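Values in this document were obtained by computation on a predicted structure and should not be read as measured data. Every chain is numbered from 1 and lettered A, B, ... according to where its sequence line falls, protein lines coming before strand lines.
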Amino acid sequence: MIAANTKWGRSAEALGLYRRMEREKVKPNDVTLLNVLAACACARDLETAERVVEHVKSNEIGFSTVLSAALMDVYCKCGQVLLARKIFDEMPERNLVCWNIMIKGHVEDSNYMEALNLFRKMQFRGIKADKVTMASLVLACAHLGALELGKWLHAYIKREGIETDVVLGTALVDMYAKCGSVNNAVNMFDEMPRRDVMTWTALIGGLATCGHGEKALQMFEEMRANGMKPDSVTFVGVLTACSHAGLVEEGRAHFDSMSALYGIQPTVEHYGCMMDLFGRAGDLEKAAELVRTMPVSPDYFVLGGLLGACRIHGNVAIAESTSRRLLELHPDHGGTYVLLSNIYSSMGKWDEAEGVRELMEERNVRKPPGCSMVEIDGEVHEFFVGDETHPRSPEIYAMVRDMIGRSREARGDVADRSEVPLCIPEEEK
DNA sequence: TTAGGGTTAG
């Protein structure tokens, strides 16, 4: 009963059954506890997992490889990666599943380098990776923006004859799109023999954020023509495509079709996209009105996005009311202060800008420095804003200068590329 | 009866 409930996504019922066993003093065996841990992993229930650990210890059941793996997975999913890693490091025997759980755990913890490190160790020990290992590693590359590494993983998958099923295929589509390689994402998508909603959604969202809004909407039409039903996440991609491509009316129509045609109720994410749609298009009043009237309360993303739009379009009034709300919600978030102060200073309101900086000082709020990662020759380098200590800094700044120059040229902002500063000016650090 | 992988707004 516990296994079946877990399998069908009813982890609360599964955990309820385990509590009932405890009450009725029915002794679980190792298989019961394994299933309970699987339910804990689904429900992110650390407390019950700790009760299972106590039970294993006090009843001389012992931690088999499988039971330890299940526990590691609970720890990873509950954000306790170090606890999982301790079990992993102390295990007398590790099979492929253990490695896969730990690699995914590090990826979820944003520790992509450690995930890739484990993959290296795995190869060193002669353990063959499978499609599950690869999906996690490809995801790590997607987060890092490590295109060359991602391409290498793709080649490795082909060379080792690892099956590219719909999950791994979707991960590759997503990785290529997140690394900005639209052609590779589309090619991967075309190559796949089977695609599901997530595959289509990954491509649509990827095209949208890479600046191919029209193509994303075209794929959305193709998706529907293929009889594939979009879900709530698909619409986030569709609305992103509209806002990035400046297609206000299309965006509005798609937003309305969500509930009318598909019975999908818009969530805060979708309202965020709509706010962005109006904000990017320069209609700050409409963006602000949407934030005022939306049926779900706007979160940090929505309000922060509105404040960002105010900076782009230089709207002080809406910026002030929005940052008031943001500062009430998150008084120790440095980004809000910096953004508001930059809005003031960009309009020559130096006293107000200084006032915000002083408030920040008073409240002892710090803004963590912005950080970028750049991949050169398959190696990922991390740079902080104004960082000149990295040995490859001059090269990176030259690249950034060139990129900014090109985008300004494309927008017609600056004709002469030499006007773009080589280093980030002191005051922006 | 038995552990692992993919899509989400500024």
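A:A39 and A:S11 get closest at one heavy-atom pair: O-CB, 3.7 Å.
Looking at heavy-atom distances under 4.0 Å, A:K104 makes contact with sugar-phosphate atoms alone, never a base. The residue A:Y271 sits apart from the nucleic acid: no heavy atom pair falls under 4.0 Å. When heavy atoms are screened at a 4.0 angstrom cut-off, A:G304 is found touching base atoms of the nucleic acid. Counting any heavy atom pair closer than 4.0 Å across all strands shown, A:D299 reaches a base atom. Contact annotation for A:V138: no contact, since no heavy-atom pair falls under 4.0 Å across all strands. Using a 4.0 Å heavy-atom cutoff across all strands shown, A:L139 reaches sugar-phosphate atoms only and no base atom.
Remark: side-chain polar atoms of A:H333 are paired, donor with acceptor, to backbone N or O of A:G335 under 3.5 angstrom.
Counting only N and O atoms by type, the side chains of A:S257 and A:H254 include no donor and acceptor under 3.5 Å apart. A:Y18 and A:R51 are not linked by any side-chain donor-acceptor pair at a separation below 3.5 angstrom, with hydrogens and angles left out of the test.
A heavy atom lying under 4.0 Å from DNA chain B marks the following residues of residues 168-200 of chain A, by number: A:L168, A:T170, A:D174, A:K178, A:D196, A:M198, A:T199. Listed by residue number, the members of residues 39-53 of chain A with any heavy atom below 4.0 angstrom from DNA chain B form an empty set. Of the residues in residues 334-344 of chain A, none lies under 4.0 Å from DNA chain B by heavy-atom distance.
The salt bridge (charged side-chain N to carboxylate O under 4.0 Å, His left out) test applied to A:D256 returns no partner, not counting sequence neighbours. Taking the side-chain contact (heavy atoms from CB on, under 4.5 Å) definition, one finds that A:R280 meets it with A:S243, A:H244, A:D276, sequence neighbours left out. For the side-chain contact (heavy atoms from CB on, under 4.5 Å) test, residues two or more places apart in sequence or in another chain that qualify with A:L96 are A:N100, A:M122, A:I127, A:D130, A:T133. Taking the side-chain contact (heavy atoms from CB on, under 4.5 Å) definition, one finds that A:D332 meets it with nothing, sequence neighbours left out. Under the rule for a salt bridge (charged side-chain N to carboxylate O under 4.0 Å, His left out), the partners of A:E249 that lie at least two apart in sequence or sit in another chain are A:R252. Applying the salt bridge (charged side-chain N to carboxylate O under 4.0 Å, His left out) criterion to A:E90, with sequence neighbours excluded, gives A:K86.
For residues 287-311 of chain A, the set of pairs meeting the salt bridge (charged side-chain N to carboxylate O under 4.0 Å, His left out) definition, not counting sequence neighbours, is empty.
Between the CG atom of A:L239 and the P atom of B:dA9 there is a distance of 11 Å, given to the nearest Å. One atom, CZ of A:F220, and another, P of B:dT8, lie 16 Å apart when rounded to the nearest Å. The CG-C1' distance, from A:L137 to B:dG6, rounds to 13 Å in whole Å. One interatomic measurement links the two molecules: CG of A:L203 to C1' of B:dT8, which rounds to 15 Å at whole-angstrom precision. What separates NE2 of A:H254 from P of B:dT8 is a distance of 19 Å, to the nearest Å. When rounded to the nearest whole Å, the span between CG of A:L303 and P of B:dA9 equals 17 Å. Atom-to-atom, NE2 of A:H270 to P of B:dT7 comes out at 16 Å; the value is rounded to the nearest Å. One atom, OH of A:Y156, and another, P of B:dG5, lie 20 Å apart when rounded to the nearest Å.
For a distance-only test at 3.5 Å, the side chain of A:D165 qualifies as a donor-acceptor partner of the base of B:dG5.
Looking only at side-chain heavy atoms (C-beta outward), A:F235 and A:F220 come within less than 4.5 Å of each other. A:M275 places none of its side-chain heavy atoms less than 4.5 Å from the side chain of A:M294.
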Can you give the donor-acceptor pairs under 3.5 Å from side chains of residues 62-71 of chain A to other protein atoms, not counting sequence neighbours?
{"residue": "A:S64", "atom": "OG", "partner": "A:L67", "partner atom": "N", "Å": "3.1"}
{"residue": "A:S68", "atom": "OG", "partner": "A:S64", "partner atom": "O", "Å": "2.9"}

Please tabulate the protein-to-nucleotide N/O contacts below 3.5 Å involving nucleotides 1-3 of chain B, giving atom names and distances.
{"residue": "B:dA3", "atom": "N1", "partner": "A:N95", "partner atom": "ND2", "Å": "2.9"}

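The number of heavy atoms from other shown groups lying within 6.0 Å of CZ (A:R20) does not exceed 12.
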